[in-house]
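Numbering of residues begins at 1 and proceeds along the displayed sequence. What you see is a predicted model, and the numbers here were worked out from it, not measured in a lab.
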Amino acid sequence: MSAMARPRPRVAAAAAATAAAAALALTGCSSSGSSGSGDGQIGFVSAKGSNISKAEVGHRQDAPDLSGNTLEGTPVKLADYRGKVVVLNVWGSWCGPCRAEADDLQRVWEKYKDQGVQFLGINTRDPEIVNAVRFEQEKGVTFPSLYDPAGTQLLKFPKGSLNPQSVPTTIVVDREGKLAARAVGGQTDDALESVLQPVLAEQKQ
C-alpha cells in the first residue's frame, strides 16, 4: 500500500463522528419522532400515533456494552447496573426539548431511585464538557451521564433495535440487560412513568 493510500486516524475519527450524527438525524432535536420503519421486524410494537415503542419479554435484544467516563470523570459501565431497571436518556445541552424534560427526568429519578432503578444519561454532540456540566447544574440533575461528544456509544446500539432515534430519546433496559422500551422525543414525568412502571413490575410477576 502506498503512503497516499494509508488510512489516516484523524479521517477515521471524523468519519465515526459523522456516522454518529447521521444515526440521530432521523428526527433531529425535536419534541416528537417516529419509531422507525423496522420495528415490527424484530418483535416490538409502537402504539399508533405514539412515540413510545415496547418489546415484550422474549423479544428483547441485548443492550450494548456502553462504557466511558461521566461528566465528573468517573468510569461507568451499563453492565455495572445489571439487576436494576436502567433508564437511559440521550441528551445534549444544545437541545431545547432536553432542557424541557430535564425537570421531569429528575423527578422520576428521585421517585424511583430507591426501588431498584438507575438513571444514566448519555450526553452527545457537546464538544465542550463545561456546557454539559452547566446544564446539569442549572437543571438540578443528580443522576450520572456518560460524556459521549462524538456519539460513539450510540453507534453500539444494534440496528433494527430499540435504538436512539433522535435527541432526546429515553430507553428502558430491563433487569436482564435487554432493551425493553423506548420513548422518542421530550417526555413528561407521567409519560416516563408509563414506560418505566411495566418493566419495573416484571420482577413481581
Chemist: Is the backbone N or O of A150 less than 3.5 Å from a side-chain atom of Q153, with the two atoms forming a donor-acceptor pair by type?
Modeler: no
Chemist: How many angstroms lie between atom CG of L154 and atom CD1 of I122, to the nearest 0.5 angstrom?
Modeler: 5.5 Å
Chemist: Report yes if some heavy atom in the side chain of L162 is under 4.5 Å from a heavy atom in the side chain of F157; otherwise report no.
Modeler: no
Chemist: So which atom in P168 and which in G186 form the shortest heavy-atom distance, rounded to 0.1 Å?
Modeler: CG-N, 3.6 Å
Chemist: Salt bridge (Lys or Arg N to Asp or Glu O under 4.0 Å) between R60 and D174: does it pass, once the steps are laid out?
Modeler: CA-CA 9 Å; R60 296 172 181 171; D174 69 17; 2.8 Å; yes
Chemist: Check the angle between the aromatic planes of W109 and F119 and answer parallel, tilted or perpendicular using the 30° and 60° thresholds.
Modeler: tilted
Chemist: What heavy-atom pair brings S166 and T169 nearest, and what distance separates the two atoms?
Modeler: O-OG1, 2.7 Å
Chemist: Could you tell me the separation between the CG atom of L146 and the OG atom of S67, rounded to the nearest 0.5 Å?
Modeler: 7.5 Å
Chemist: Is it the case that over 12 heavy atoms from other parts of the model lie below 6.0 angstrom from the NZ atom of K156?
Modeler: yes
Chemist: Distance from F143 atom CZ to K113 atom NZ, nearest 0.5 Å?
Modeler: 11.5 Å
Chemist: Regarding T188 and E101, is there a side-chain donor-to-acceptor distance under 3.5 Å anywhere?
Modeler: no
Chemist: Answer yes or no: is there a side-chain heavy-atom contact under 4.5 Å between V108 and E193?
Modeler: yes
Chemist: Strictly distance-based, threshold 3.5 Å: is any side-chain N or O of E136 a donor or acceptor partner for the main-chain N or O of A132?
Modeler: no
Chemist: Might you point out which heavy atoms bring V173 and A63 nearest each other, and give the distance in Å?
Modeler: CG1-CB, 4.0 Å
Chemist: Check whether the side chains of D148 and T152 place a donor and an acceptor atom closer than 3.5 Å, and report yes or no.
Modeler: yes
Chemist: Please answer: with hydrophobic residues joined when any side-chain heavy atoms are less than 4.5 Å apart, are L71 and V167 in the same cluster?
Modeler: no
Chemist: So which heavy atom on L200 is nearest to which on Y112, and how close?
Modeler: CD2-CD2, 3.7 Å
Chemist: Donor-acceptor check, side chain of R125 to backbone of G151, threshold 3.5 angstrom: yes or no?
Modeler: no
Chemist: Looking at D104 and D189, would you say the former's side chain and the latter's main chain have a donor-acceptor pair under 3.5 Å?
Modeler: yes
Chemist: Begin from the C-alpha positions of Q118 and V85 and carry the test side chain to side chain contact (heavy atoms under 4.5 Å, CB included) through to its verdict.
Modeler: CA-CA 6 Å; Q118 176 64 50; V85 175; over 6 Å; no
Chemist: Spell out, yes or no, whether V199 and V87 are grouped together once hydrophobic residues are joined by side-chain heavy atoms under 4.5 Å, including indirect joins.
Modeler: yes
Chemist: Please round to the nearest 0.5 Å and tell me the distance separating atom OG of S161 and atom NZ of K178.
Modeler: 12.0 Å
Chemist: Measuring only between side-chain heavy atoms, which start at C-beta, is Q187 closer than 4.5 Å to L105?
Modeler: no
Chemist: Taking all atoms of both residues into account, what is the closest heavy-atom pair of N123 and S93, and its distance?
Modeler: ND2-N, 4.1 Å
Chemist: Starting from V76, can I reach I129 by hopping between I/L/V/M/F/W/Y residues whose side chains sit under 4.5 Å apart?
Modeler: no
Chemist: Looking at K54 and E202, is there a salt bridge between them, counting it only when a charged N and a carboxylate O are closer than 4.0 Å?
Modeler: no
Chemist: Looking only at non-hydrogen atoms, find the nearest pair between P149 and D126 and report the distance.
Modeler: CB-O, 3.5 Å
Chemist: Between the side chains of E176 and R82, is the shortest nitrogen-to-carboxylate-oxygen separation below 4.0 Å, so that they form an ion pair?
Modeler: no
Chemist: For L196 and V117: C-alpha separation, side-chain torsions, deciding distance, then whether side chain to side chain contact (heavy atoms under 4.5 Å, CB included) applies.
Modeler: CA-CA 9 Å; L196 172 60; V117 175; 4.3 Å; yes
Chemist: Is there a path of hydrophobic side-chain contacts, each under 4.5 Å between heavy atoms, that joins Y147 and L88?
Modeler: no
Chemist: Please round to the nearest 0.5 Å and tell me the distance separating atom OG1 of T142 and atom CD of Q137.
Modeler: 13.0 Å
Chemist: Could you please spell out the steps behind the side chain to side chain donor-acceptor pair (under 3.5 Å) verdict for S145 and W91?
Modeler: CA-CA 9 Å; S145 281; W91 64 279; 3.0 Å; yes
Chemist: Could you tell me the separation between the CZ atom of R107 and the CG atom of D190, rounded to the nearest 0.5 Å?
Modeler: 9.0 Å
Chemist: Are V90 and T170 packed together at the side-chain level, in the sense that at least one heavy-atom pair is separated by less than 4.5 angstrom?
Modeler: no
Chemist: Q61 side chain to L179 main-chain N or O, any donor-acceptor pair under 3.5 Å?
Modeler: no
Chemist: Consider only side-chain heavy atoms of I, L, V, M, F, W and Y, link residues closer than 4.5 Å, and tell whether I52 and L192 are in one cluster.
Modeler: yes
Chemist: Flag the pair Q106 / K139 as yes when at least one side-chain heavy-atom distance between them is below 4.5 Å, and no otherwise.
Modeler: no
